[in-house]
Amino acid sequence: MRVRTRRGAAYARYVPHHTHRLELDDQTLREWDATVLHVTDGSGTDGERGVVLDRSAFYPGGGGQPPDHGVLLWGGVQTRIVGVRKGDDLVLVPHDDDPLPPLGTAVRGAVEDERRSMLMRTHSGLHLLSGVVFRDYGAMVTGGNMEPGTARMDFNMETVPPDFKSTVEAACNVEVEADRRIEVSMLPRAEAFAIPDIIRTATNLVPPEVEVVRIVDILGLDTQADAGTHVASTRQIGRLEVAKIENKGRGFRRVRLRVADA
Ligand SMILES: [Zn+2]
């Protein structure tokens, strides 16, 4: 009896498609040219549709910042992008009603500016808040999440002074007005973890295989290992409002933040 042999190609280990992440280097980029590396049309076992590009500025989500929305334009056709799936590949998720660009298509990618810009202001606002609360109260961040313009951040704080809400809001807006620069840099792991702020905020969040760490630094106020997108200085955040302080249990305080215009 003839034994069927496995054919190499069919059983080869899956090799992920490499997408160059443009937004990690240039957070102001909103439009770029790209080529389609991989398409899934929904006929697979998972039924998912998706597009993988060689270059993408769509923030895929992570660190509390939700994914970007936008479009791919190709040959007079528009494919709306409503999310990103992160697995082996960085898969852009198209709107259910929109056609998919075939493999190899040259596309123009565009990130929806209003949503992304507000998420950048909101994300930078959260870092500013964490810097202020650590500096003034010594409290550590235990969690956080954001939508465009609103966010929450959780702190490990045993007691909260009665004027905490108004005092923190005022201190945050002093730092907005100070227009501190927000710098992004890439550091070798060992160098990054020599920075006390990085040890405090990120030791358990950066996987051991990560050799180069992206650092987001609000100069003189807050330094974190972070993959998110940020504005270039604190004044660009806009005015911050502390909407609410919630007591979620022993030593667990939740600060709800809102980004206001001017
Ligand atoms: Zn962050």
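Numbers here simply count residues along the sequence, with the first being 1. Whatever order the structure lists ligands and atoms in, that order sets their numbers, starting from 1.
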Asker: Does Arg253 come within less than 4.0 Å of Asp154, counting only side-chain N to carboxylate O?
Answerer: no
Asker: Between Phe155 and Tyr137, does the ring centre distance come in under 6.0 Å?
Answerer: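 Centroid distance Phe155-Tyr137: not below 6.0 Å, so no.
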Asker: Restricting to N, O or S atoms of His123, which is nearest to the Zn ion (ligand 1)?
Answerer: NE2
Asker: Could you check if a side-chain atom of Leu128 sits within less than 4.5 angstrom of a side-chain atom of Asp222, using non-hydrogen atoms only?
Answerer: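 They are not in side-chain contact.
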Asker: Would you indicate whether the side-chain heavy atoms of Val242 and Leu240 approach each other to under 4.5 Å?
Answerer: no
Asker: Looking only at N, O or S atoms in Asp226, which is nearest to the Zn ion (ligand 1)?
Answerer: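 Closest N, O or S atom of Asp226 to the Zn ion (ligand 1): OD2.
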Asker: Taking just the N, O or S atoms of His127, which one is nearest to the Zn ion (ligand 1)?
Answerer: NE2
